[in-house]
Structure formats: C-alpha cells, structure tokens
Amino acid sequence: MDFFLIVLKRDLKLAFRRWSELANPLLFFLVVTAMFPLALPPSAPELEVLGTGILWMAALLSSLLGLEGLFRNDAEDGSLEQLMLSPAPFGVVVLAKVVAHWLASGVPLVGLVPVVAMSFYLPGDALVVLVVALVLATPTISILVALGAALTVSLKSAASVIGLLTLPLCAPLLIFGARATDFAAHGEAVAGPLYLLAALAMLAISLGPIAIAAALRVGVE
C-alpha cells in the first residue's frame, strides 16, 4: 500500500504539470457536445431523445485521447524498467498509474457532464443516473485503454491502434450506461444496468492490472 501511494502521488504530480495533456480530453468533450445542439433541431423533445447517446459517445471518445502516453513517457526515460525491478508487485504499480490518470482526467470529465447535459434538457433524475453510471463506467474504460496502451507501448504513434483495440470492448459500457440514463429519463428502474456496470468495474479492477503488467513486460522486453 505504501508503494501504491508513492506511485500514485508521483503520477498525479506529473499529470498536473502537463496541463495541455489533461485539458485535451475535456476540451474535446466540450466542443463535441456543444456542436451537436447547434446541428440538431432546437426543440427540447428531440434534444432529450438524442442527448443520452451523444453524451455517452463524447465521454467515451474523449477518454481515449489521454492514455496513449500513460506508459510511453516512463518507457522512454527508463523509469518503467526500474518500476518493474522494484520489490513491489508490478500489478500494484500499474493500478496506481491507472488510478492516478483516472483521478486527473476521468473525475473532471464526470464533473463536466451535468453542466453540459443541461443543454440537452435531460431531467434531474436522468442527470443523477448519468453521473452515477459514468462513475461506474470510467474506471473500466481506463483499464481497457491502459491495456491498449500497454500492448502498443513500443509503437511511436499508437493512438489509432489503441482506439481500434478498445472501442469494441467498450461497447457493453456504452449500451448499459445509455440504457440506464434512458430508463431514468422515462421513470423506469435503473438498478439492472447500474449493477452490470459495477460488476464490469470490479472485474476490470481485479484482472486488468495483471493483464496490463504482462503486456508491459512483453512490450518493454
């Protein structure tokens, strides 16, 4: 746990020194969600129907932008190899790095969603469920994209490859999250999709760091 906290603090400090990398996903999300209402009819019912899918797709795509360099910088300066040789399990190191990136980029994204969702006339209950669903889905997205980044750590330009690897795997998150938000907008029960998102998050957090650590060892070697 001590080593986990050390790596977590280190990566958070490095992340906040690179404001441009942190701002890019947030700016992408704001621009995409702001442009859609301009291109659609201004009537509230139509925006409400389309808003759920637009918000989820924009959040998913923006989450893919910042994880290409999650391991690349450490691999280039040799610190990743030093972390592999440390006495702590390498899976703990990987989990700390993913958590740090999620805190620096995923949490601000979740905070922006309710503000942007107001332009789509989503009801209050749907906004609450949307935020809860994103809180449950974004850790799984971070794990999946980190796995893609680990598999392509030896490639110089891997952003498109990461997207091709991870977008199909994120489809269940998009389906369950959008369905839960739509259920809440129509006053239906939302427990089922939220439980599924929580189960996927627990599975990803439990097994994801092990798979990412193995992929990084292969990529570095």
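One-based numbering along the sequence shown. These numbers come from a predicted model, not from an experiment. Values below: all heavy atoms of this structure, side chains included; hydrogens, waters and symmetry mates excluded.
With rounding to the nearest 0.5 Å, the separation of CG in Leu95 from OG in Ser206 is 9.5 Å. Rounding to the nearest 0.5 angstrom, the gap separating the OG atom in Ser142 from the NZ atom in Lys97 is 13.5 Å. Atom CG of residue Leu55 and atom CG of residue Leu112 lie 11.5 Å apart, to the nearest 0.5 angstrom.
Between His101 and Asp11 there is no side-chain heavy-atom pair separated by less than 4.5 Å. The closest side-chain heavy-atom distance from Ser62 to Leu109 is below 4.5 Å. Residues Leu130 and Thr52 form no side-chain contact, since every pair of their non-hydrogen atoms from C-beta on lies 4.5 Å or further apart. When side chains are defined from C-beta on, Leu167 counts as touching Leu60, because their heavy atoms get closer than 4.5 Å.
Met84 and Val98 fall within a single hydrophobic cluster, where Ile, Leu, Val, Met, Phe, Trp and Tyr side chains are chained together by heavy-atom contacts under 4.5 Å. When hydrophobic clusters are built by joining Ile, Leu, Val, Met, Phe, Trp and Tyr residues whose side-chain heavy atoms come closer than 4.5 Å, directly or via intermediates, Val115 is not grouped with Val110. Using a 4.5 Å cut-off between side-chain heavy atoms of Ile, Leu, Val, Met, Phe, Trp and Tyr, with links allowed through other members, Ile175 and Leu196 fall into the same hydrophobic cluster.
Ala204 and Pro209 get closest at one heavy-atom pair: O-CD, 3.6 Å. Heavy-atom minimum distance, Cys170 versus Leu144: SG-CD1, 3.9 Å. Nearest heavy-atom pair, Ser105 versus Leu26, reported as atom, atom and distance to 0.1 Å: O-CD2, 4.2 Å. Closest approach of Ala184 to Val190, counting heavy atoms only: N-CG1, 3.5 Å.
Among residues two or more places apart in sequence or in another chain, the side-chain hydrogen bond (donor to acceptor under 3.5 Å, both in side chains) test is passed with Thr181 by Trp56. Every side chain to side chain contact (heavy atoms under 4.5 Å, CB included) that Pro123 has, sequence neighbours left out, goes to Glu48, Ala126, Ala185. Val92 is linked by a side chain to side chain contact (heavy atoms under 4.5 Å, CB included) to Phe4, Pro89, counting only residues two or more places apart in sequence or in another chain.
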Exercise answer: donor-acceptor pairs, residues 133-140 side-chain atoms, under 3.5 Å, sequence neighbours excluded:
{"unit_1": "Thr138", "atom_1": "OG1", "unit_2": "Trp102", "atom_2": "NE1", "d": "2.9"}
{"unit_1": "Thr138", "atom_1": "OG1", "unit_2": "Leu134", "atom_2": "O", "d": "2.7"}
{"unit_1": "Thr140", "atom_1": "OG1", "unit_2": "Ala201", "atom_2": "N", "d": "3.4"}

Which atom pairs, one a donor and one an acceptor, fall under 3.5 Å between side chains of residues 30-39 and the rest of the protein, sequence neighbours left out?
{"unit_1": "Thr33", "atom_1": "OG1", "unit_2": "Phe29", "atom_2": "O", "d": "2.6"}
{"unit_1": "Thr33", "atom_1": "OG1", "unit_2": "Leu30", "atom_2": "O", "d": "3.2"}

message = Apply side chain to side chain contact (heavy atoms under 4.5 Å, CB included) to residues Leu103 and Leu8 and explain how you reach the verdict.
response = CA-CA 10 Å; Leu103 290 174; Leu8 180 64; 4.3 Å; yes
task = Decide side chain to side chain contact (heavy atoms under 4.5 Å, CB included) for Leu147 and Ile143; before the verdict, give the C-alpha distance in whole Å, the side-chain angles of both, and the deciding distance to 0.1 Å.
result = CA-CA 6 Å; Leu147 179 59; Ile143 291 289; 5.6 Å; no
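Counting only residues at least two apart or on different chains, no side chain to side chain donor-acceptor pair (under 3.5 Å) pair has a member in residues 188-205.
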